[in-house]
Visitor: 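I have a structure here, written as structure tokens, and I will follow up with some questions on it.
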Amino acid sequence: MTVPGDEPSALRPIAMFDSGFGGLTVARAVIDLMPQERLVYLGDTARYPYGPRPAEEVRRFAHQIADELMRHDPKALVVACNTATAVALDELAERLDIPVFGVIEPGVRALARATRSGRVGVIGTVGTINSGAYQRAVAASAPDVELTALACPGLVEFVERGDTDSEQVHVLVERLLAPAVAAGIDALLLGCTHYPYLARTLSDVMGRDVVLVSSADETAFEVLAALANSGVADMSPGESHRVQPAPAPTFLTTGDVTWFADLGGRLLGPELVDAAHVALS
Ligand code: DGL
């Protein structure tokens, strides 16, 4: 951990959080796009899922986690959780003196680019869809598209159990997405960070002609562009040119460390070998 202000801006980490493992899809995209950046990721696995919780409670968790992550003196914060983005992004951006990025607007931009017919869908947790954040973002930036927004309770729990393509998850996806099939959409935004892990099942149900859009890559591109614009991206050309090699990403969890490292490692890849515990209440 660093004392705020004692490190050049470019070398400060990018902080990121999610309710659990789902934000690792965004972490993967950031690591791939900006391998020279240092990432500090916090998964609030002790209190996930956020989706069914009241907005006020998720907002409180988001502020608490942001404060914890600020102890690492980050140069930016990525809210890698749709539910937390939906209810807390604006407040965090206003309160913190670093750039704060969410996953909703980047996802909506990618969705608008992907559709040809103008009929699109978004799926998310109950908290995200009920907040109306996607509906507002689409109305603001792609007012001509016809949006089917569906809450999908239960899908996150399958992913967190490591089950992404069983018969049971297939049946649930079929039932939850029936209105999107009926609406004839041609692009589906995965408005929950866990859903990219269900891509195969979602694609089986929706059919090959429906483009699945994940906000993970789009969010990473937005972070890179913003940091580069403000001159704080680490643009060093590679390991050999750095004064010090880039440290490995740091993974923090509020829950069981072994579980986080095991399941997280399977979902993210080899960069996640261990995690440290942080206590938040
Ligand atoms: N990470 C959450 C999201 O993207 C899904 C999991 C949860 O409900 O906590 O909405």
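Counting convention: from 1, in listed order, for ligands and their atoms alike. Every value quoted in this text rests on a predicted model; they were computed, and no experiment measured them.
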Visitor: Please list every donor-acceptor pair under 3.5 Å in which a side-chain atom of residues 104-121 meets a protein atom from a residue at least two apart or in another chain.
Guide:
{"from": "Arg109", "atom 1": "NH2", "to": "Glu222", "atom 2": "OE1", "distance (Å)": "2.3"}
{"from": "Arg113", "atom 1": "NH2", "to": "Glu218", "atom 2": "OE1", "distance (Å)": "2.9"}
{"from": "Arg113", "atom 1": "NH2", "to": "Glu218", "atom 2": "OE2", "distance (Å)": "2.9"}
{"from": "Thr115", "atom 1": "OG1", "to": "Ser117", "atom 2": "N", "distance (Å)": "3.4"}
{"from": "Thr115", "atom 1": "OG1", "to": "Gly118", "atom 2": "N", "distance (Å)": "2.9"}
{"from": "Thr115", "atom 1": "OG1", "to": "Asp186", "atom 2": "OD1", "distance (Å)": "2.7"}
{"from": "Ser117", "atom 1": "OG", "to": "Arg119", "atom 2": "N", "distance (Å)": "3.1"}
{"from": "Ser117", "atom 1": "OG", "to": "Asp186", "atom 2": "OD1", "distance (Å)": "3.4"}
{"from": "Ser117", "atom 1": "OG", "to": "Asp186", "atom 2": "OD2", "distance (Å)": "3.3"}
{"from": "Arg119", "atom 1": "NE", "to": "Ala183", "atom 2": "O", "distance (Å)": "3.3"}
{"from": "Arg119", "atom 1": "NE", "to": "Gly184", "atom 2": "O", "distance (Å)": "3.3"}

Visitor: Could you tell me whether the side chains of Thr128 and Ser131 share a donor-acceptor contact shorter than 3.5 Å?
Guide: no
Visitor: Report every pair formed by an N or O atom of ligand 1 and a protein N or O atom separated by less than 3.5 Å, giving atom names and the distance to 0.1 Å.
Guide:
{"from": "ligand 1", "atom 1": "1 (N)", "to": "Asp18", "atom 2": "OD1", "distance (Å)": "2.6"}
{"from": "ligand 1", "atom 1": "1 (N)", "to": "Ser19", "atom 2": "OG", "distance (Å)": "3.3"}
{"from": "ligand 1", "atom 1": "1 (N)", "to": "Thr193", "atom 2": "OG1", "distance (Å)": "3.0"}
{"from": "ligand 1", "atom 1": "4 (O)", "to": "Asn82", "atom 2": "N", "distance (Å)": "2.9"}
{"from": "ligand 1", "atom 1": "4 (O)", "to": "Asn82", "atom 2": "ND2", "distance (Å)": "3.2"}
{"from": "ligand 1", "atom 1": "4 (O)", "to": "Thr193", "atom 2": "N", "distance (Å)": "3.0"}
{"from": "ligand 1", "atom 1": "4 (O)", "to": "Thr193", "atom 2": "OG1", "distance (Å)": "3.0"}
{"from": "ligand 1", "atom 1": "8 (O)", "to": "Tyr50", "atom 2": "N", "distance (Å)": "3.2"}
{"from": "ligand 1", "atom 1": "8 (O)", "to": "Gly51", "atom 2": "N", "distance (Å)": "2.8"}
{"from": "ligand 1", "atom 1": "9 (O)", "to": "Ser19", "atom 2": "OG", "distance (Å)": "2.6"}
{"from": "ligand 1", "atom 1": "9 (O)", "to": "Tyr50", "atom 2": "N", "distance (Å)": "2.6"}
{"from": "ligand 1", "atom 1": "10 (O)", "to": "Thr83", "atom 2": "N", "distance (Å)": "3.2"}
{"from": "ligand 1", "atom 1": "10 (O)", "to": "Thr83", "atom 2": "OG1", "distance (Å)": "2.6"}

Visitor: Whether the Gln64 and Arg59 side chains hold a donor-acceptor pair (N or O, under 3.5 Å, no angle test) is what I'd like checked.
Guide: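 No, Arg59 and Gln64 have no side-chain donor paired with an acceptor closer than 3.5 Å.
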Visitor: Please table the atom pairs, donor to acceptor, closer than 3.5 Å between any side-chain atom in residues 204-217 and protein atoms at least two apart or in another chain.
Guide:
{"from": "Ser214", "atom 1": "OG", "to": "Ala216", "atom 2": "N", "distance (Å)": "3.1"}

Visitor: Could you go through residues 18-31 and list every donor-acceptor pair under 3.5 Å that involves a side-chain atom there, pairing it with any protein atom two or more places apart or in another chain?
Guide:
{"from": "Asp18", "atom 1": "OD2", "to": "Gly20", "atom 2": "N", "distance (Å)": "3.1"}
{"from": "Asp18", "atom 1": "OD2", "to": "Gly22", "atom 2": "N", "distance (Å)": "3.0"}
{"from": "Asp18", "atom 1": "OD2", "to": "Gly23", "atom 2": "N", "distance (Å)": "2.9"}
{"from": "Thr25", "atom 1": "OG1", "to": "Gly22", "atom 2": "O", "distance (Å)": "2.8"}
{"from": "Thr25", "atom 1": "OG1", "to": "Thr193", "atom 2": "O", "distance (Å)": "3.2"}
{"from": "Arg28", "atom 1": "NE", "to": "Asp32", "atom 2": "OD1", "distance (Å)": "3.3"}
{"from": "Arg28", "atom 1": "NE", "to": "Asp32", "atom 2": "OD2", "distance (Å)": "3.3"}
{"from": "Arg28", "atom 1": "NH1", "to": "Leu268", "atom 2": "O", "distance (Å)": "2.8"}
{"from": "Arg28", "atom 1": "NH1", "to": "Glu271", "atom 2": "OE1", "distance (Å)": "2.8"}
{"from": "Arg28", "atom 1": "NH2", "to": "Asp32", "atom 2": "OD1", "distance (Å)": "2.8"}
{"from": "Arg28", "atom 1": "NH2", "to": "Glu271", "atom 2": "OE2", "distance (Å)": "3.0"}

Visitor: To the nearest 0.5 Å, how far apart are CG in Leu177 and OG1 in Thr148?
Guide: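 Here the rounded value is 10.0 Å.
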